[in-house]
Amino acid sequence: MEYPFSEIERKWQANWRNSRVFNAQDVCAKPKYYVLSMFPYPSGILHIGHASNYSIGDAVTRLKLMEGYNVMQPMGYDSFGMPAENYAILHNSHPRLTTEENIAAMRIQFDGMGFGLDWEREVSTCRPEYYHWGQYIFKKMYEQGIVYRKKSYQNWCDECQTVLANEQVEDGHCWRCGTDVLQKELEQWYFRITDYAEELLDFSGVIDWPEKVMTMQKNWIGKSTGTRIEFPMQDGTESIAVFTTRPDTIYGVTFMAVPPEHPLVQKWLTDDPSNTELHDFCQRVINEDKILRTAEDKPKEGIFSGHNCINPLNGDMVQIWVTNYVLMDYGTGAVMAVPAHDQRDYDFAQKYNIPLKLVIQNPEQNLSLDTMQAAYTEAGIMTNSAQFDGRDSVESKTAISEWIEANNWGKRTHTYRIRDWGISRQRYWGNPIPIIHCPDCGVVLVPDEDLPVLLPDNVQVGKTTSNPLLSVPEWLNVPCPQCGKAARRETDTMDTFVDSSWYFARYADPKNEKLPFSPENAEYWLPVDQYIGGVEHAVMHLLYARFIHKFMRDLGWVKSDEPFARLLTQGMVLKDGAKMSKSKGNVVDPQYIIDRFGADTLRVFLLFASPPEKDVEWNDDAVMGAFRFLNRIWRLIETNIDAIRQGLEYTAEPSELSPEFRELLYSSHITVKKWLEDSLHRMQYNTAIAVTMEHLNKCTSIKDTTQLSNAELAVYAEACGIIPQLLYPFAPHIAEELWEMIGCTEMLHECGLPGYDEKYLQKDSITYVIQVNGKVRGKMDVAADATEDTLRSTALSIDNVIKALEGLTVRKVIIIPQKMISIAASK
RNA sequence: GCGAAAGUGGCGGAAUUGGCAGACGCGCUGGACUUAGGAUCCAGUAGGUUACACCUGUAGGGGUUCGAGUCCCCUCUUUCGCACCA
């Protein structure tokens with residue numbers, strides 16, 4: 001017999017909706033708790049990964065409700081972007097229609113899982129009432145100087161027909177479709193995330209984030225500390241700046257390496273068009289694919305520029321080489337090459353017969369230029385370095401930098417690997433950038449009263465060679481808001497990561513028609529107390545959102561420094577050890593599981609299989625196990641309902657109970673204690689469910705409840721009665737139904753957390769384990785208040801212990817209170 | 001190459017501060033019952049063994065300790081991140 005899960009699930013989903021259980025109040029005497037799972041792209045189908053992620057968030061939500069918080073768990077859709085555009089093309093429809101259809105379909109599936117979501121706060125990034133405020137934020141950023149436009153080489157995905165930000169290129173491939181990324185020169189819009197680089201390195205504003213994510217962000221930002229030094233040109237015209245983290249090697253500079261894009265190189269080419277050799281080399285390198293060019297195994301190439309500069313510290317003349325191994329957009333775009341102490345410079349110098357100069361001596365093993373096979377990159381003793389000779393190279397970094405600063409040759413500084421965020425996308429289905437280009441006034445912001453710039457519907461979607469919005473003249477051509485002359489709209493749309501960088505704040509005030517959100521609501525709800533999502537967003541979404549949040553804080557819109565106080569990066573659901581995907585044919589449809597076993601079974605399976613941050617291996621048999629577990633609970637309570645109802649009228653004291661019922665009473669209280677620890681404090685839902693199963697086994701071991709005494713009934717009723725509470729965060733439908741069956745009239749979230757009483761956890765006798773030299777040799781039950789002397793003598797009188805001690809002398813007896821006695825003995 | 005995390009039965013996983021390794025579930029073995037079920041109940045399930053006892057065992061090797069899955073050192077494997085960043 002299966003319990004009627006289908007009926008129960010429908011019933012409670014309707015009850016929660018009608019009672020507005022999950023509609024959070026903006027004004028409330030209770031403390032707030034904001035639970036947020038990363039919103040999905042509306043594919044139309046809730047897949048098992050969604051079911052898994054949102055089951056975690058829902059467990060947090062229901063636990064916090066039980067704990068007495070005013071909980072908000074909103075949901076929305078990240079509905080702009082390439083997938084929607086492609087999906088519409090595939091179905092010969094329009095993304096607006098397909099997206100709204102998909103959203104409606106997903107909503108039904110979310111409800112079918114029984115998630116406690118506040119649907120009155122739903123946002124969808126492709127709707128004008130949302131993207132209006134993205135445009136507004138763009139304008140504010142523009143006014144604050146955080147937005148600028150620049151022409152340069154961009155990461156271009158030919159498949160997606162758009163540029164990509166640096167964060168969105170993985171190993172030279174598009175993060176979305178895997179196509180090789182090309183370089184294309186384009187003019188596009190940037191957000192100055194680098195202005196916040198230093199602050200983004202600081203995570204002191206978060207309460208609990210995985211170390212891994214913080215490390216990934218820190219590495220991405222890539223701060224390095226060093227010295228910027230000006231090398232004057234030999235002809236005295238200007239100078240060339242380098243950034244180095246190794247000022248201690250500056251006396252070892254034997255050449256200067258610059259990329260062909262370097263402004264000085266470009267100037268030389270213009271000044272001397274006859275230098276075809278240099279010209280050809282530069283052209284060839286510039287046109288080469290950036291990813292290939294920067295690959296580590298790429299052979300180093302270069303050409304002498306014909307120009308020299310001067311090492312300001314020792315007056316040495318230094319040849320400037322144009323090379324393929326220096327990056328224009330890192331540091332100053334020029335490198336002081338020290339081939340004796342840098343492997344890259346060494347490789348280059350070997351190839352072009354450039355001399356080496358040894359300036360750091362290995363204290364362990366004397367180095368000689370004649371025998372060196374590789375650069376010596378370690379620390380050591382300085383040599384050939386004027387007044388710094390004989391000093392430790394690490395310590396001398398400061399001294400040399402100070403010397404450089406004192407002589408005005410340069411100064412200490414930092415450099416970051418992170419670049420500004422390129423947010424232009426040459427696609428249709430995104431938020432229009434609220435800019436008008438006027439031939440006279442230049443770049444003009446669309447006035448607030450004209451926002452939002454609506455995305456036109458009548459666009460030719462499909463693969464176009466140019467930006468799709470160019471094909472809509474009635475949208476494109478507008479009068480300039482300043483001078484009224486004919487002007488054109490910006491046709492780039494924003495990266496969808498812009499839309500998702502502030503949605504968590506919009507949930508605080510989702511219907512605001514005057515502002516993105518009111519500062520009062522934002523102050524109440526932010527930061528998000530528990531954020532849940534995939535680790536794949538560690539350096540994309542999570543970094544962008546922190547950046548935009550800090551910008552909004554600087555505007556005074558939000559008060560907190562960080563948007564997400566706690567972050568949980570949940571694992572994936574795997575099948576046969578691999579991520580589920582259509583191409584592998586290993587997809588499990590959650591709807592099938594819901595239809596056959598119910599949403600509660602699916603949720604229990606997903607949460608029980610492993611801790612939330614780890615991957616879950618799909619297992620059909622284990623799903624059955626979860627189903628059997630819920631059926632056993634159902635049967636327990638249904639068949640003993642009279643005893644339970646009756647028992648709730650009575651109370652019991654341990655002294656009047658048989659050992660069996662004393663054990664059951666203990667189980668009720670220890671289970672609640674462990675469950676609270678596991679679920680509320682550790683977020684280890686797998687073990688919280690395990691202790692519930694263990695307790696269930698205790699309850700079902702009592703077979704006949706018709707002959708129980710009043711005291712026994714009381715214990716039994718309590719034992720069975722806590723089970724719905726323990727189940728509620730994970731299997732809420734069956735929990736509510738059983739709770740009602742027992743006779744409780746309030747819904748479970750109103751009843752508080754289950755409680756336990758320490759007095760029932762006190763045992764009058766304790767089982768001690770006795771070890772001899774680290775091996776278990778016996779056990780004994782001793783009164784809880786036994787003295788150390790009693791413990792020692794009792795332990796030493798056990799037959800097995802005596803046997804183990806034969807021929808040995810006891811050296812030491814260690815007593816671990818409540819647990820064990822360890823005897824150290826030797827001959 | 002650099003950095004991080006991890007490695008526990010046939011499987012997923014427990015063991016929160018060093019204190020009975022393998023909780024709980026799956027699978028498997030045997031039994032009971034039967035309205036023969038994707039059922040339920042009972043017993044067993046790390047390996048070895050002369051089986052109420054003992055020996056071995058948490059990737060491998062060494063160490064600290066009365067006591068190590070847990071702490072320290074070395075090695076191996078896997079996963080993830082970064083990878084000419086000066």
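Here is how names work: the chains are called A, B, and so on, in the same order as the sequence lines, proteins then strands, and each is numbered from 1. From a predicted model like this one, the values you see are computed outputs, not experimental measurements.
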Identify whether any heavy atom of [X] sits under 4.0 Å from a base atom; if not, whether one sits that close to sugar-phosphate; answer base, sugar-phosphate or nothing.
X      : answer
A:G222 : nothing
A:N697 : sugar-phosphate
A:A824 : sugar-phosphate
A:T700 : nothing

Determine the Euclidean distance between corresponding [atom1] atoms of [M] and [N]; express it in Å to zero decimal places.
N     : M     : atom1 : result
B:G69 : B:U58 : C1'   : 5 Å
B:A51 : B:A46 : C1'   : 16 Å
B:A21 : B:G27 : P     : 28 Å
B:U70 : B:A59 : C1'   : 16 Å
B:C55 : B:U49 : C1'   : 8 Å
B:G57 : B:G22 : C1'   : 11 Å
B:G44 : B:G10 : C1'   : 16 Å
B:U8  : B:A14 : C1'   : 10 Å

Integer-rounded Å distance: [N] [atom2] and [X] [atom1]:
X      : N     : atom1 : atom2 : result
A:W675 : B:A14 : CH2   : P     : 19 Å
A:F231 : B:A86 : CZ    : C1'   : 12 Å
A:E211 : B:A5  : CD    : C1'   : 11 Å
A:Y592 : B:G38 : OH    : P     : 12 Å
A:K212 : B:C82 : NZ    : P     : 10 Å
A:I816 : B:C20 : CD1   : P     : 10 Å
A:N619 : B:G25 : CG    : C1'   : 10 Å
A:M216 : B:C2  : CE    : C1'   : 16 Å

Does [X] make a side-chain donor-acceptor contact with the base of [N], cut-off 3.5 Å?
X      : N     : result
A:K779 : B:C20 : yes
A:K300 : B:C84 : yes
A:R596 : B:G38 : yes

Given side chains that start at C-beta, do those of [X] and [Y] come closer than 4.5 Å, heavy atoms only?
X      : Y      : value
A:F5   : A:I594 : no
A:E2   : A:F627 : yes
A:E758 : A:L761 : yes

Is any side-chain nitrogen or oxygen of [X] closer than 4.0 Å to OP1 or OP2 of [N]?
X      : N     : answer
A:K298 : B:C84 : no
A:N686 : B:A14 : yes
A:N800 : B:C54 : yes
A:N219 : B:A4  : no
A:K703 : B:C42 : yes
A:R417 : B:A83 : yes
A:T692 : B:C24 : no

### Query
Do A:K212 and A:E613 meet the salt-bridge criterion of a basic N to acidic O distance under 4.0 Å?
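A salt bridge is absent here (no side-chain N lies under 4.0 Å from a carboxylate O).
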#### Entry: SB check A:E301 A:K351 (cutoff 4.0 Å)
no
### Task
Using the ring-ring contact (aromatic ring centres under 6.0 Å, His included) rule, pick out the option among A:W634, A:F629, A:F597 that qualifies with A:Y3.
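In the set A:W634, A:F629, A:F597, the residue that makes a ring-ring contact (aromatic ring centres under 6.0 Å, His included) with A:Y3 is A:W634.
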### Query
Which dot-bracket notation, 5' to 3', represents the base pairing of RNA chain B when pairs are defined as Watson-Crick or G-U with both distances under 3.5 Å, crossing pairs as [ ], and inter-strand pairs as |?
(((((((..(((......[....)))((((((.......))))))(((.....)))..(((((..]....))))))))))))....
If you check the [X] side chain, which of [options] turns out closest?
X      : options             : result
A:Q684 : B:A14, B:A39, B:C66 : B:A14
A:E677 : B:G13, B:U16, B:A86 : B:U16
A:R628 : B:G27, B:G38, B:C24 : B:G27
A:R777 : B:A15, B:G25, B:C55 : B:C55
A:R632 : B:G19, B:G25, B:A14 : B:G25
A:S610 : B:G13, B:U56, B:A86 : B:G13
A:K775 : B:G12, B:U56, B:C66 : B:U56
A:M693 : B:C24, B:C26, B:A15 : B:C24

### Message
On a heavy-atom basis, which atom in A:V616 and which in A:L606 lie closest, and how many Å separate them?
### Response
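Closest pair (atom of A:V616, atom of A:L606, distance): CG2-O, 3.8 Å.
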### Query
Does the separation of the ring centres of A:F255 and A:Y352 fall below 6.0 angstrom?
no
### Message
Restricting to side chain to side chain contact (heavy atoms under 4.5 Å, CB included), what partner residues turn up for A:S6, sequence neighbours left out?
### Response
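With sequence neighbours excluded, A:S6 shows a side chain to side chain contact (heavy atoms under 4.5 Å, CB included) to A:R10, given in chain and number order.
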### Query
Partners of A:T254 by side chain to side chain contact (heavy atoms under 4.5 Å, CB included), sequence neighbours excluded?
A:P339, A:I354, A:K357
### Task
Scan residues 615-633 of chain A for pairs that pass salt bridge (Lys or Arg N to Asp or Glu O under 4.0 Å), counting only residues two or more places apart or in two chains.
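Salt bridge (Lys or Arg N to Asp or Glu O under 4.0 Å) check on residues 615-633 of chain A returns no pairs.
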### Qualifying salt bridge (Lys or Arg N to Asp or Glu O under 4.0 Å) pairs, either residue in residues 809-825 of chain A, two or more places apart
none
### Query
Considering only heavy atoms, which members of residues 324-334 of chain A lie under 4.0 Å from some atom of RNA chain B?
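By residue number: A:Y325, A:V326, A:L327, A:Y330.
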### Name of the residue among A:V169, A:D180, A:L164 meeting side-chain contact (heavy atoms from CB on, under 4.5 Å) with A:C174
A:L164
### Task
If the glycosidic angle is within 90 degrees of 0 it's syn, otherwise anti, so just tell me which one B:G9 is.
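Here B:G9 takes the syn form, which means its glycosidic angle is within 90° of 0.
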## Note on the structure
Of A:R682 and A:Q771, the one whose closest nucleotide on RNA chain B sits nearer the 5' end is A:R682
### Query
Quick one: on RNA chain B, does A:T215 or A:K614 contact a more 5' nucleotide (nearest heavy atom)?
A:T215
### Task
Give a yes/no verdict on a cation-pi contact between A:K300 and A:F348, requiring under 6.0 Å between NZ or CZ and the six-membered ring centre and an angle within 45° of the axis.
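The answer is no; the distance or angle limit is not met.
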